[in-house]
Amino acid sequence: MAEKSSAAQPNLDESSIEYILLGRNPDQSQEVSFSRNHINSWIDTGDLQLKHRIGRGQFGDVWIATRHLKGLGENRHHEVAVKMLHPLKDDQLFSFKARFDEVFSKCLGLTSVCNLRGISVQNGRVCIVMMFYEGSVGDKMARLKAGKLSLSDVLRYGAYLAQGVHDLHDRGILVLNLKPCNILLTESDHAILGDVGFPSLLINLSLPNPDMIQRLGSPNYMAPEQWQPSIRGPISYETDSWGFGCSILEMLSGTQPWRGRSPDEIFNSVVVRKERPSLPDGLPPEIENVLVGCFDYDLRNRPSMAHIIQAFKRCKDMGYGDSTWTGAEDLKSSNPPTYTDWSLLKDDLRIGDTVRSRKPKNSCRPECMFIPEGTIVGIEEEKDTDGHFFVMVRVHGFHDPLRAHSSTIERVTYGYAVGDWVRLRYESGSHVGILHGISREGSVTVGLIGMDRLYEGSYTDLQMSESYCVGQFIRVKASVSNPRFDWPRKKRCGGPYATGRISRIYPNGCLEVKFPGRFTLGENIAYLADPAEVELVNFEKCEGLVKKYQHLEDLHWAIRPLVVALGVFTALRVGIFVGGATVGRCSKKRAASYSPEEGTDQQPDGQNGPWLPPSMANILFTSPSR
Ligand SMILES: Nc1ncnc2c1ncn2[C@@H]1O[C@H](COP(=O)(O)OP(=O)(O)OP(=O)(O)O)[C@@H](O)[C@H]1O
């Protein structure tokens, strides 16, 4: 892998970068919140000497270099690794340096992540200087015959890696690029995190080469929301759980997830068809449980790094995969594991919290709540295998506190609970999204269309909004002339918006909608909708027989042909029993109230829609389906 290369001539000299980095440019001074002395991440170009390249990745090349430390009485030097990024436009260096300095200062003192030494410019390219390690897990796998690691190594490295990611999350940094090549190994065979979020440092900075596609990660390891974070997002800490799962799978199997597929094919598998990488057999049930969770399409249902650490440490301590381990046969014969709903474990409940019964998932109905509102007055210490426990809840009107399972209740703070549909009060446009978190102090995080990451603010920024569930029928409001996403119309040339059915709700509130009333060969194509731009359509609200019938047509493509067939059948029966003359009279009557100019589906009462025999109308409209 190592290769020699002579350094090309710099196209940006040190003085110019220093000029930019020190904020002497008056036009850009507002962006400069740092100085060399303040953070001291800057390494002079002359103090760094590139030796040879040892790796090439999607975000740049990795070199071995020598760093000279001046000013210590003698000229000392040591070996470092340098990640030389792809060229950036000169005017982007400020933003990049500011982002890097933030990460640099946040990583100080962390032993579970790669030791960053600073930033420099070599050959006109930004270089991130870090400690030189023994190599990566990817290198180790490449050296092994089968290309995969033993279960005990995977558990050990997995626990270290999860700790590194957790430490970065604790400081507000997302990694977004977890993969075996970015897991570095120390002399004592400890795994540490080698990427401290390079994709986020680079995103939205324009690159001089227009052919280079900017991605928020490496395609084979990217979570569904990482591909289009402002539409199917947001990206959040659990986005790294997907990348973690991919890394563990690759270590266990020796095969990269989606190996051999192009980025477009991976997008289709992961994002459009919602496929997940397949797991190898014979995993410890707890690890299988975690990995299944890591590959949940909805990031809210994935385990957090804290859950992952617990599982990996526990399995490591139990000796799974060691030479002394004798559980392989038990694993084969064990029952299929039950999978944890990780979303239920994220509410940390305390005495004094206001709680209410949790609505069943994907239910819009607040009624039938066992505990409409109560206060936790006691917590039992014993936890079940999933980490749930019992709490005592004081409820108004009950003499004694009620005992409730923690998975069945949710914390309500300032009137809001995680998962509520909310609207931002102060936005000029209407921003409707889903509450992801609310602290006891009132700070909130909300998933909103158009934002790559969670909106962060206060509960006072919010108000409750109408909620949506899978299965409901919606259409774009008539007042919205230009919806955010394409939306089909009933007729080709500018008819009213068609009615569709919600088939999925993304964590930012974006609605995936299908049109079951439209017969499409093969897959039923999904459209997207902004919840702020749609309205509910249901049977009760449809006024008049024709509107009700049209709503039924939206339920399934077969309704219309069925109704036509029944109509023909009824007409034939009537014809047979009443006789030709009568039929002739009926036809004349109908013809009298029907003019060809009005179109084929004009009703005698002037409404649009196919003609229904009265018996048929009775059948259809006396038993509403919704
Ligand atoms: N600090 C380091 N010390 C020693 N070797 C390193 C270091 N950082 C990276 N490497 C080596 O460089 C190789 C490639 O690293 P790099 O991060 O460029 O690859 P990548 O993860 O495939 O790319 P990218 O991170 O750009 O997507 C690693 O497998 C490892 O061998």
Side-chain angles (χ1 to χ4, degrees), residues 55 57-60 62 81 83 85 96 99-116 119 128 130-131 133 136-138 154 157-186 190-205 214-227 229 233-251 256-257 270 277 290-291 293-296 299 302-309 312 452-454:
Q58 140 147 346
F59 297 98
V62 179
K83 176 104 181 170
L85 302 176
F96 183 83
R99 289 181 192 184
F100 176 79
D101 281 349
E102 197 187 331
V103 169
F104 184 73
S105 58
K106 284 181 175 172
C107 288
L108 287 175
L110 289 183
T111 53
S112 52
V113 304
C114 165
N115 187 329
L116 294 176
I119 189 172
I128 294 172
M130 49 194 161
M131 186 168 145
Y133 292 90
S136 66
V137 166
V154 175
Y157 292 154
Y160 288 132
L161 176 64
Q163 187 62 54
V165 182
H166 184 261
D167 289 349
L168 278 195
H169 287 179
D170 245 11
R171 300 189 178 193
I173 302 171
L174 300 181
V175 185
L176 303 180
N177 200 19
L178 287 170
K179 53 184 175 180
C181 279
N182 283 339
I183 309 169
L184 298 171
L185 294 174
T186 65
H190 282 207
I192 60 155
L193 180 57
D195 188 312
V196 291
F198 296 144
S200 322
L201 292 178
L202 290 165
I203 199 71
N204 297 335
L205 298 184
Q214 268 193 323
R215 285 203 188 86
L216 208 50
S218 305
N220 296 62
Y221 307 86
M222 275 164 63
E225 67 276 7
Q226 240 171 309
W227 293 84
I235 47 167
S236 188
Y237 296 123
E238 287 87 349
T239 304
D240 281 335
S241 303
W242 181 287
F244 178 90
C246 289
S247 309
I248 297 296
L249 271 196
E250 186 169 339
M251 288 190 230
Q256 195 184 37
V270 173
V290 161
L291 291 178
C294 286
F295 295 124
D296 198 294
L299 66 101
R302 295 183 205 145
S304 67
M305 278 300 143
H307 296 132
I308 294 176
I309 294 173
F312 273 73
D452 285 0
R453 296 187 183 214
L454 289 167

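It should be emphasised that the depicted structure is a prediction, and the values quoted were computed from it without experimental measurement.
- Qualifying side chain to side chain contact (heavy atoms under 4.5 Å, CB included) partners for Asn182, counting only residues two or more places apart in sequence or in other chains: Asn177, Lys179, Asp195.
- Side-chain contact between Ser304 and Ser241 is absent, with no heavy-atom pair separated by less than 4.5 Å.
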Phe244/Val175 under side-chain contact (heavy atoms from CB on, under 4.5 Å): CA gap, chis, key distance, verdict: CA-CA 10 Å; Phe244 178 90; Val175 185; over 6 Å; no
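- Scanning all heavy atoms of the two residues, the minimum distance from Met305 to Asp240 falls at CE-O, 3.8 Å.
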Criterion side-chain contact (heavy atoms from CB on, under 4.5 Å) on Phe96 and Ile119, from CA distance to verdict: CA-CA 10 Å; Phe96 183 83; Ile119 189 172; 3.6 Å; yes
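- Remark: His166 engages no residue in a side chain to side chain donor-acceptor pair (under 3.5 Å) (not counting sequence neighbours).
- Phe100 has its side chain within reach of Ile128: a pair of non-hydrogen atoms, C-beta onward, lies under 4.5 Å apart.
- Under the 4.5 Å side-chain criterion, counting only non-hydrogen atoms from C-beta, Met251 is in contact with Ile183.
- Between Ile308 and Cys294, some side-chain heavy-atom pair lies under the 4.5 Å cut-off.
- Considering only residues two or more places apart in sequence or on other chains, Tyr160 meets the side chain to side chain donor-acceptor pair (under 3.5 Å) condition with His190.
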Test log, rule side-chain contact (heavy atoms from CB on, under 4.5 Å), inputs Ser218 and Gln256: CA-CA 12 Å; Ser218 305; Gln256 195 184 37; over 6 Å; no
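- Interatomic distance, CG of Leu193 versus CG of Leu168, reported as 5.5 Å (0.5 Å rounding).
- Remark: Gln226 engages no residue in a side chain to side chain donor-acceptor pair (under 3.5 Å) (not counting sequence neighbours).
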Please list every donor-acceptor pair under 3.5 Å in which a side-chain atom of residues 108-116 meets a protein atom from a residue at least two apart or in another chain.
unit_1, atom_1, unit_2, atom_2, d
Ser112, OG, Asp167, OD2, 2.6

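- Taking 4.5 Å as the limit, every side-chain heavy atom of Asp452 sits out of range of all side-chain heavy atoms of Pro234.
- Listed here is the closest heavy atom pair of Cys181 and Ser136: O-CB, 3.4 Å.
- The distance from the CD1 atom of Ile248 to the CG atom of Leu291 is 7.0 Å, given to the nearest 0.5 Å.
- In this structure, the separation between CZ on Arg215 and CZ on Phe59 is 9.0 Å, given to the nearest 0.5 Å.
- Of all non-hydrogen atoms in Phe312 and Val154, the two that sit nearest each other are CE2-O, 4.1 Å.
- When the options Tyr237, Tyr221, Phe295, Trp227 are evaluated for a ring-ring contact (aromatic ring centres under 6.0 Å, His included) with Trp242, the one that passes is Phe295.
- Shortest non-hydrogen contact noted between Cys107 and Ile173 is SG-CD1, 4.3 Å.
- In this structure the side chain of Gln58 reaches within 4.5 angstrom of the side chain of Pro219, judged on heavy atoms.
- The SG atom of Cys246 sits 8.0 Å away from atom CG of Asn220, with the distance rounded to the nearest 0.5 Å.
- In this structure, Gln163 contributes its side chain and Ile309 its backbone to no donor-acceptor pair below 3.5 Å.
- By the 4.5 Å heavy-atom criterion applied to side chains, Thr239 and Leu174 are not counted as neighbours.
- Taking all atoms of both residues into account, the shortest heavy-atom contact from Pro257 to Glu250 is CD-OE1, 3.7 Å.
- Using a 4.5 Å cut-off on side-chain heavy atoms (C-beta onward), Leu299 and Pro224 make no contact.
- For the residue pair Arg302 and Asp296, the shortest heavy atom distance occurs at NE-O, 2.8 Å.
- The ring-ring contact (aromatic ring centres under 6.0 Å, His included) search around Tyr133 returns none, not counting sequence neighbours.
- Remark: Glu238 CD to His169 NE2 distance equals 8.5 Å, nearest 0.5 Å.
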